[in-house]
Amino acid sequence: FNINMEDLELLDELGKGNYGSVRMVRHMTTKIDMAMKEIRLELDESKLHGIITELDILHRAIAPEIVEFYGAFFVESCVYYCIEYMDAGSLEALYDGPCSIPEDVLARIVGSMVRGLSFLKDELQIMHRDVKPTNVLMNTRGECKLCDFGVSGQLEKSLAKTNIGCQSYMAPERIKGESQNLVSTYTVASDVWSLGLTIVEVTLGTYPYPPETYSNVFAQLQAIVHGDPPQLPAMYTDVARDFTDGCLEKVPERRSTYASMLKHPWLIADAEKGKDGVDMKGWVEEALRKRGERKARESQTNIPAAVDAR
Ligand code: ATP
Ligand code: MG
């Protein structure tokens, strides 16, 4: 079905990214709750049309590890697209400090990510281009799904100009390529690096190249290109560490592929545990409970500070 702004009841804001905001909305006729992403673009109408047409291939992205796509439209200079609402939010909001994700839960999350990425490559011939903890979403059924992959070349082009974050998940070869203004020097192997960095971040409890340890963004990017790649904390088993090291090989040709990762002993052992072998639902519930406590603590400590400031 087609979705338009008039069909939607606007609910809470779910978050903000570099390019726009995400709101929860209810599709009034079907009563389906959705997440609606708004991206503000200064483009003419034909270009906006082009983006919507390109986004349409998302209707074919149907897999258990991919967030469902409901539709896209534009209003004035904003593109909107509606996707499945994931009620536990992103991985970034679920991890809490070092080693907060048990290894069996981690393996299951990583398995979903690898199958999702491999589906995008094999079935839709696209790479993700933006693998990072905020683009891995979970729900209270314990499911883990990917969102925000690059299907629209036009949209990517329009966003690229403003893309300066202080947390880069880009592979060394992609950073090198961009600094020399070479387009498409990177391939699907770059997504594998970003996957590895995501694994290390959620287990360390912090982005592996913390901005405060570098004097500027250039130095930080240099560390990614020239330094030793980060590793899983020692608490995790050698098999898990070996898997992650394979994603974070600096030379793209030596990096793991989706086929090799799916055959890796770490993911094989996870698959052998079967569907109910890991209590994903229990872990998500626990992580949400802790997140609620953290938020309550933060608001308690913030109130007196705000009063003092006045
Ligand atoms: P970027 O702008 O680089 O993509 P980002 O991923 O942090 O960064 P958004 O994609 O705009 O930014 O998402 C912002 C936040 O909204 C996410 O971190 C997540 O918490 C929330 N969010 C996004 N999509 C959904 C969804 N489908 N269900 C629930 N929450 C979502
Ligand atoms: Mg996102």
Side-chain angles (χ1 to χ4, degrees), residues 15 17-18 65-67 86 88-121 127-138 143-150 163 165-175 186-211 220-221 223-224 227-233 235-236 239-250 252 255-258 260-262 264 266-267 270 280 283-284 287:
N18 293 318
E65 300 86 7
I66 302 293
V67 162
M86 296 290 281
S90 81
L91 257 193
E92 169 176 71
L94 291 172
Y95 73 72
D96 177 25
C99 308
S100 67
I101 306 187
E103 185 162 323
D104 57 347
V105 171
L106 181 69
R108 208 133 271 204
I109 292 172
V110 173
S112 300
M113 291 178 69
V114 175
R115 285 191 302 277
L117 291 168
S118 157
F119 166 87
L120 293 178
K121 174 174 173 276
M127 44 182 292
H128 189 297
R129 296 193 149 86
D130 201 14
V131 177
K132 57 180 176 179
T134 61
N135 288 339
V136 184
L137 302 175
M138 300 208 57
E143 295 167 331
C144 174
K145 307 188 184 197
L146 299 173
C147 70
D148 286 349
F149 32 94
N163 184 9
C166 54
Q167 295 197 359
S168 180
Y169 296 85
M170 282 195 234
E173 69 277 11
R174 191 170 165 187
I175 294 173
Y186 64 95
T187 62
V188 70
S190 304
D191 280 347
V192 176
W193 169 277
S194 312
L195 166 70
L197 209 58
T198 300
I199 303 175
V200 175
E201 171 172 333
V202 302
T203 55
L204 277 182
T206 166
Y207 175 70
Y209 300 91
Q220 188 188 27
L221 294 177
I224 300 175
D228 288 333
Q231 290 187 309
L232 269 194
M235 180 204 120
Y236 294 90
V239 211
R241 291 160 62 79
D242 178 75
F243 182 96
T244 312
D245 290 346
C247 299
L248 291 169
E249 279 281 355
K250 285 173 64 186
R255 219 169 280 154
S256 302
T257 62
Y258 297 136
S260 74
M261 285 188 270
L262 290 168
H264 191 279
W266 195 44
L267 292 191
D270 172 63
M280 293 301 285
W283 179 77
V284 170

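If you're wondering where the values come from, they're calculated on a predicted model, not measured in any experiment.
- With hydrogens and angles ignored, the 3.5 Å screen pairs no side-chain donor or acceptor of Ser260 with any backbone N or O of Ser256.
- In terms of heavy atoms, Leu94 sits closest to Ala88 at CD2-O, 3.7 Å.
- Residue Trp193 comes nearest to Ala171 through the heavy atom pair CD1-CA, 3.4 Å, listed as atom of the first residue, atom of the second, then distance.
- Counting only residues at least two apart or in different chains, salt bridge (Lys or Arg N to Asp or Glu O under 4.0 Å) contacts with residues 95-115 comprise Glu65-Arg115, Asp96-Arg294, Arg108-Asp270.
- Arg255 places a side-chain N or O within donor-acceptor distance of the main-chain N or O of Lys250, the cut-off being under 3.5 Å.
- Annotation: the span from Cys247 atom SG to Met113 atom CE amounts to 9.0 Å, rounded to 0.5 Å.
- Remark: Thr198 OG1 to Tyr95 OH distance equals 9.5 Å, nearest 0.5 Å.
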| request: For Thr257 and Val192, run side chain to side chain contact (heavy atoms under 4.5 Å, CB included): C-alpha distance rounded to whole Å, both residues' side-chain angles, the deciding distance at 0.1 Å, then the answer. | output: CA-CA 7 Å; Thr257 62; Val192 176; over 6 Å; no
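- In this structure, Leu248 CG and Leu197 CG are separated by 6.0 Å, a value rounded to the nearest 0.5 Å.
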| task | Might you work through the side chain to side chain contact (heavy atoms under 4.5 Å, CB included) test for Lys132 and Gln167, ending with a clear yes or no? | result | CA-CA 10 Å; Lys132 57 180 176 179; Gln167 295 197 359; over 6 Å; no
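- Listed here is the closest heavy atom pair of Leu195 and Met261: CD2-SD, 3.8 Å.
- The shortest non-hydrogen separation linking Cys144 to Val136 is SG-CG1, 3.6 Å.
- Side-chain contact check for Leu120 versus Tyr258: every heavy-atom pair is 4.5 Å or farther apart.
- Paired with Pro230 under the rule side chain to side chain contact (heavy atoms under 4.5 Å, CB included), one option of Val200, Leu204, Asp245, Ile224 passes, and it is Val200.
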| request: Determine, stepwise, if the pair Ser168 / Gln220 fulfils side chain to side chain donor-acceptor pair (under 3.5 Å). | output: CA-CA 9 Å; Ser168 180; Gln220 188 188 27; over 6 Å; no
| task | Determine, stepwise, if the pair Tyr209 / Leu221 fulfils side chain to side chain contact (heavy atoms under 4.5 Å, CB included). | result | CA-CA 9 Å; Tyr209 300 91; Leu221 294 177; over 6 Å; no
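- The minimum heavy-atom distance linking Val131 with Tyr169 is given by the pair O-CB, 3.7 Å.
- Atom CG of residue Asp242 and atom NE2 of residue His264 lie 4.0 Å apart, to the nearest 0.5 angstrom.
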| Steps toward side chain to side chain contact (heavy atoms under 4.5 Å, CB included) verdict (Leu146, Phe119) | CA-CA 11 Å; Leu146 299 173; Phe119 166 87; over 6 Å; no
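- Using a 30° and 60° split on the angle between ring planes, Phe149 and His128 fall in the perpendicular class, above 60°.
- Of all heavy-atom pairs spanning Ser100 and Tyr236, the tightest one is N-OH, 4.5 Å.
- Without hydrogens or angle criteria, Asn135 side chain to Asp130 main chain gives a donor-acceptor distance under 3.5 Å.
- Residue Thr244 holds its OG1 atom at 9.0 Å from CD of Gln231, rounded to the nearest 0.5 Å.
- Side-chain contact between Met280 and Val105 is present, with at least one heavy-atom pair separated by less than 4.5 Å.
- The CE atom of Met138 sits 7.0 Å away from atom CE of Met86, with the distance rounded to the nearest 0.5 Å.
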